[in-house]
Colleague: 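So that we are looking at the same thing, I have put the structure below in structure tokens.
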Amino acid sequence: MHPGYLNNKLDALSKKFDLLRITPHGLRHTFVGDLLNNGVDNFIVKSLVGYAETSNMIRDVYGHTNDQTKIDTLKRLEEYRNVSQND
């Protein structure tokens with residue numbers, strides 16, 4: 001497969017459906033970010049994407065939290081504190 005083939009296909013789809021341009025690397029970032037934001041273990045993510053670096057590197061490079069993840073985390077923390085206070 002020619003190196004530009006996938007970029008050309010993604011560009012054509014972006015134009016056809018009036019979407020923002022995305023690259024294969026951008027798709028990789030989205031995939032890894034979605035896995036991390038859904039609590040998938042760093043080592044599993046590492047094995048899925050064939051990344052040779054440490055799992056901390058994956059979190060540092062690809063781990064972009066979204067607002068819903070932040071809200072969910074704070075809710076879990078609040079629930080934990082409420083349970084701890086009632087014990």
Colleague: Could you pull out all residues at least two apart from Arg76 that satisfy side chain to side chain contact (heavy atoms under 4.5 Å, CB included)?
Modeller: Asp72, Thr73
Colleague: So if you build clusters from Ile, Leu, Val, Met, Phe, Trp, Tyr with side-chain heavy-atom gaps below 4.5 Å, do Ile44 and Phe31 land together?
Modeller: yes
Colleague: Any side-chain heavy atom of Leu27 sitting closer than 4.5 Å to one from Leu10?
Modeller: yes
Colleague: Restricting to non-hydrogen atoms, name the atom on Gly26 and the atom on Ile22 that form the minimum distance, rounded to 0.1 Å.
Modeller: C-CD1, 3.8 Å
Colleague: For Asn7 and Pro24, work out which heavy atoms get closest and say how close.
Modeller: OD1-CD, 2.8 Å
Colleague: Rounded to the nearest 0.5 Å, what separates atom NE2 in His25 from atom OG1 in Thr30?
Modeller: 10.0 Å
Colleague: Can you list every salt bridge (Lys or Arg N to Asp or Glu O under 4.0 Å) pair that touches residues 10-20, not counting sequence neighbours?
Modeller: Asp11-Arg21
Colleague: Not counting sequence neighbours, which residues clear side chain to side chain contact (heavy atoms under 4.5 Å, CB included) with Leu13? List them please.
Modeller: Phe17
Colleague: Nearest 0.5 Å please: distance from the NZ atom of Lys46 over to the CG atom of Asp41.
Modeller: 10.5 Å
